[in-house]
Amino acid sequence: MTGPDERELVVRAFDLGLTLESGQFFRYERRGEAYRLVVRDRVFELRQEGDHLRYRGVDEAFLVRFLGLDRDSDLARRRLRRHAWLRPALDHARGLRIVRQDLWECLVGFLCSAVSNIPRIRRNVEDLAALYGRRVGSGDLVARALPRPGKIRNDGSLRSVRLGFRGQRLLELQQRVDEDWLQSLEALPAADQRRWLMTLPGVGEKVADCVLLFALGRDEAFPVDVWIRRVIEARALRRKAGFDKIREWASSTLGGDAGYAQQALFVWARHTGRGALSHDEPPSRGASRPNRTRGASGAR
DNA sequence: ATCCAGGGGGATT
DNA sequence: AATCCCCATGGA
């Protein structure tokens, strides 16, 4: 079904499915060969065929910025290749991009991410939108937007979303920020952005770094979750280390490319399961090996 | 049944 | 500054 309103864009070094399904962004839904996304009041569909990206429901300028197509991922990947231990992850993550999403929506998503998993986070944000969001889109591209700060009712209805202990944090979060707060944060230096983000309920170092990387365009941010801790300990440091030490080490080693490295490691570790986490084999060059040890496919 | 999931926050050591 | 524990669900 190629509507007359469908347009296309030539893309290179880009894998739509890998980028969308890498856990940076949660409001997407597969529709056959296409993906339907909701970003604030935009509802749009994307479909990749080789180096052609077909899209409808958005304008090109927004799409290019949102998908990070205006940034030189090849350059970052070439610099990162100097680190031999990163090569398997980079090879696996060909076409990966770092998205640049809405600040508030990113905050909500990663607030919901605490001790959760991607399918559940996606369900949580969909439920929030269904319950509190206003109708957006037009034609066959209609959906509910994620509620803006203050629009989540504090009347007990939130419990139907089954957020667990994250529910109260979300209610407190929407009281602490408003559109002005969010807008002024964007103009601050990165260190200040991080500090202010961490004053918010439910936002610690990891969530703050996710927001810096996936919404504020801070390429040096390096979110450390359990997967990243394990894969860094196994493949790079080759010893145990705490979250703090890993952050420091990655930041000083990877610098401005840390964020891309982190996301490549994340998708690689999840797709290869235990293979990415074993200390025994030296980091081999060559492509990703489908090294799943028994049903340990914690990801898809 | 038991463990763990893209953590945060407060208390204790 | 490192460690413990709890937070509420859900899926394996």
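Here is how names work: the chains are called A, B, and so on, in the same order as the sequence lines, proteins then strands, and each is numbered from 1.
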Determine the Euclidean distance between corresponding C1' atoms of B/dG6 and C/dA1; express it in Å to zero decimal places.
24 Å
With nearest nucleotides of DNA chain B determined for A/P223 and A/P201 from heavy-atom distances, which residue corresponds to the more 5′ nucleotide?
A/P223
Under-4.0 Å salt bridge between A/D91 and A/R81
yes
Distance, nearest 0.5 Å, that separates CG of A/L37 from CG of A/L67:
7.5 Å
Identify the nucleotide, in any strand shown, that forms a Watson-Crick or G-U wobble pair with C/dC5, with both distances under 3.5 Å; if there is none, say none.
B/dG9
Assess whether a salt bridge exists between A/R79 and A/D72, defined as any Lys/Arg side-chain N lying under 4.0 Å from an Asp/Glu carboxylate O.
no
When the distance from CE of A/M198 to P of B/dG10 is rounded to whole Å, what number comes out?
12 Å
Please state how far atom CG in A/N124 lies from atom C1' in B/dG6, giving the value in whole angstrom units.
13 Å
Would you mind reading off the distance between A/F26 atom CZ and B/dG6 atom C1', rounded to a whole angstrom?
7 Å
Between A/S116 and A/L200, which is nearer to the 5' end of DNA chain B once each is assigned its nearest nucleotide?
A/S116
How far apart are the closest heavy atoms of A/A76 and A/D257, and which atoms are they?
CB-OD1, 3.6 Å
If you measure from the Lys or Arg side-chain nitrogens to the Asp or Glu carboxylate oxygens, is any gap between A/D102 and A/R42 under 4.0 Å?
no
Whole Å only: how far is the CG atom of A/L20 from the C1' atom of B/dG6?
17 Å
Categorize A/R120 for me: base, sugar-phosphate, or nothing, with a 4.0 angstrom heavy-atom threshold over every strand shown.
base
Does A/K245 make a side-chain N or O approach to OP1 or OP2 of C/dA2 shorter than 4.0 Å?
yes
Between B/dG6 and A/Q24, counting only base atoms on the nucleotide and side-chain atoms on the residue, is there a donor-acceptor pair under 3.5 Å?
no
Where along residues 163-177 of chain A does a heavy atom come under 4.0 Å from DNA chain C, residue by residue in number order?
A/G164, A/F165, A/R166
In this structure, how many angstroms lie between the C1' atom of B/dG6 and the CG atom of A/D209, rounded?
12 Å
Side-chain-base donor-acceptor pair under 3.5 Å for A/K206 and B/dG6:
yes
With a non-hydrogen cut-off below 4.0 angstrom, is A/G202 in contact with a base, only sugar-phosphate, or nothing?
sugar-phosphate
Going through the distances and angles, do A/E45 and A/R47 end up as a salt bridge (Lys or Arg N to Asp or Glu O under 4.0 Å)?
CA-CA 7 Å; A/E45 273 189 8; A/R47 185 170 77 245; 5.9 Å; no
Does A/R270 put a side-chain nitrogen or oxygen below 4.0 Å from OP1 or OP2 of B/dG6?
yes
With sugar-phosphate meaning primed atoms plus P, OP1 and OP2, does A/V115 contact a base, only sugar-phosphate, or nothing at under 4.0 Å between heavy atoms?
base
Residue A/R123, side-chain atoms from C-beta onward, closest of C/dG11, B/dA5, B/dG8
C/dG11
note: A/F222, atom CZ; B/dG6, atom P; distance rounded to Å ~ 17 Å
Say you pick atom C1' in C/dA2 and the same atom in B/dA5; how far apart are they, in whole Å?
23 Å
Give A/V203 one of three labels, base, sugar-phosphate or nothing, depending on what nucleic acid heavy atoms sit under 4.0 Å from its own.
sugar-phosphate
Between B/dC4 and C/dC5 - P atom distance, rounded Å
15 Å
Rounded distance (Å) that lies between atom P of B/dG6 and atom NE2 of A/H271
12 Å
State, to 0.1 Å, how close A/R194 and A/D209 come at their nearest heavy-atom pair, and which atoms those are.
NE-OD1, 2.8 Å
Give a yes-or-no answer on whether the side chains of A/R153 and A/Y132 include a donor-acceptor pair shorter than 3.5 Å.
no
A/D225 CG to B/dA5 C1': how many Å, rounded?
10 Å
Taking 5.5 Å and 30° as the limits, would you call A/F110 and the base of B/dG6 a stacked pair?
no
Roughly how far apart are A/L188 CG and A/W196 CH2, rounded to 0.5 Å?
8.5 Å
